[in-house]
Amino acid sequence: MYGVAAGFIAGCAATGDIASDGSLGGGHYESKVAPGIYRISVRTNLALWTNRSGARSAWSSRAESLCGSLGFLEADIVEDLHVHTGGFAVPWVITTRSGYAVCRDAGLSEEEAMTSIGRRPK
């Protein structure tokens, strides 16, 4: 049992592709919604604590990979926690982060990017 718990804890910010491997653990999913705009969702593996930094890091890593060296803007970001008791004595937490990466090389203003994803500019 301790080996299983250690396995969960060791991979708190897993980088698997949820879409292709059907993982029940942590990982990422992305889709292209318009030229230079990607919807990215990440989730951490089960852990005994909230792992916002792991979710943020995994999300940024995916955005950097998709957008390249010129970088990206974040849009419509939502972070959340999902607590699972599942018969364990202590609850396990999955931290999620979803939103849009707008690649700087797309040449869109923030207003144009938000309109492209169906959101009202702030």
Side-chain angles (χ1 to χ4, degrees):
M1 169 139 167
Y2 293 110
V4 173
F8 281 130
I9 293 169
C12 291
T15 58
D17 183 345
I18 295 169
S20 66
D21 68 15
S23 172
L24 295 177
H28 67 270
Y29 172 81
E30 71 260 345
S31 61
K32 186 175 186 175
V33 296
I37 302 176
Y38 296 89
R39 171 104 172 111
I40 303 171
S41 296
V42 298
R43 67 180 183 212
T44 63
N45 282 329
L46 290 170
L48 295 173
W49 59 86
T50 301
N51 190 1
R52 290 190 194 281
S53 65
R56 288 174 183 158
S57 176
W59 194 97
S60 291
S61 177
R62 292 307 308 150
E64 289 170 4
S65 177
L66 294 166
C67 291
S69 63
L70 292 179
F72 59 91
L73 302 171
E74 297 180 1
D76 206 25
I77 299 294
V78 175
E79 294 181 347
D80 205 358
L81 304 173
H82 303 279
V83 179
H84 299 274
T85 53
F88 296 109
V90 294
W92 292 89
V93 178
I94 294 175
T95 308
T96 61
R97 188 173 208 260
S98 298
Y100 296 88
V102 180
C103 301
R104 291 190 188 276
D105 64 359
L108 299 172
S109 69
E110 183 176 355
E111 184 175 321
E112 291 168 328
M114 294 302 285
T115 300
S116 293
I117 61 175
R119 300 288 192 258
R120 185 176 304 208
K122 294 180 182 179

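- For Val83, the side-chain contact (heavy atoms from CB on, under 4.5 Å) partners two or more places apart in sequence, or in a different chain, are Pro91, Val93.
- The side-chain hydrogen bond (donor to acceptor under 3.5 Å, both in side chains) test applied to Arg56 returns Glu79, not counting sequence neighbours.
- Residues that satisfy the side-chain contact (heavy atoms from CB on, under 4.5 Å) test with Ser69, not counting sequence neighbours, are absent from this structure.
- When all heavy atoms of Ile77 and Trp59 are compared, the pair lying nearest together is CD1-CZ2, 3.6 Å.
- By the side-chain hydrogen bond (donor to acceptor under 3.5 Å, both in side chains) test, Thr96 pairs with no residue at all, sequence neighbours left out.
- Ser57 contributes no side-chain N or O that, together with a main-chain N or O of Ser53, makes up a donor-acceptor pair within less than 3.5 Å.
- Between Cys103 and Tyr38, the shortest heavy-atom contact is SG-CE1, 3.8 Å.
- With hydrogens and angles ignored, the 3.5 Å screen pairs no side-chain donor or acceptor of Asp76 with any backbone N or O of Gly99.
- A ring-ring contact (aromatic ring centres under 6.0 Å, His included) check over residues 95-119, counting only residues at least two apart or in different chains, returns nothing.
- Interatomic distance, Arg62 CZ to Cys67 SG, rounded to the nearest 0.5 Å: 10.5 Å.
- For the pair Thr44 (side chain) and Asn51 (backbone), a donor-acceptor distance under 3.5 Å is absent.
- Pairs engaging residues 66-75 under the salt bridge (charged side-chain N to carboxylate O under 4.0 Å, His left out) rule: Glu74-Arg97 [sequence neighbours left out].
- In this structure a side-chain-to-backbone donor-acceptor pair under 3.5 Å is present from Ser116 to Glu112.
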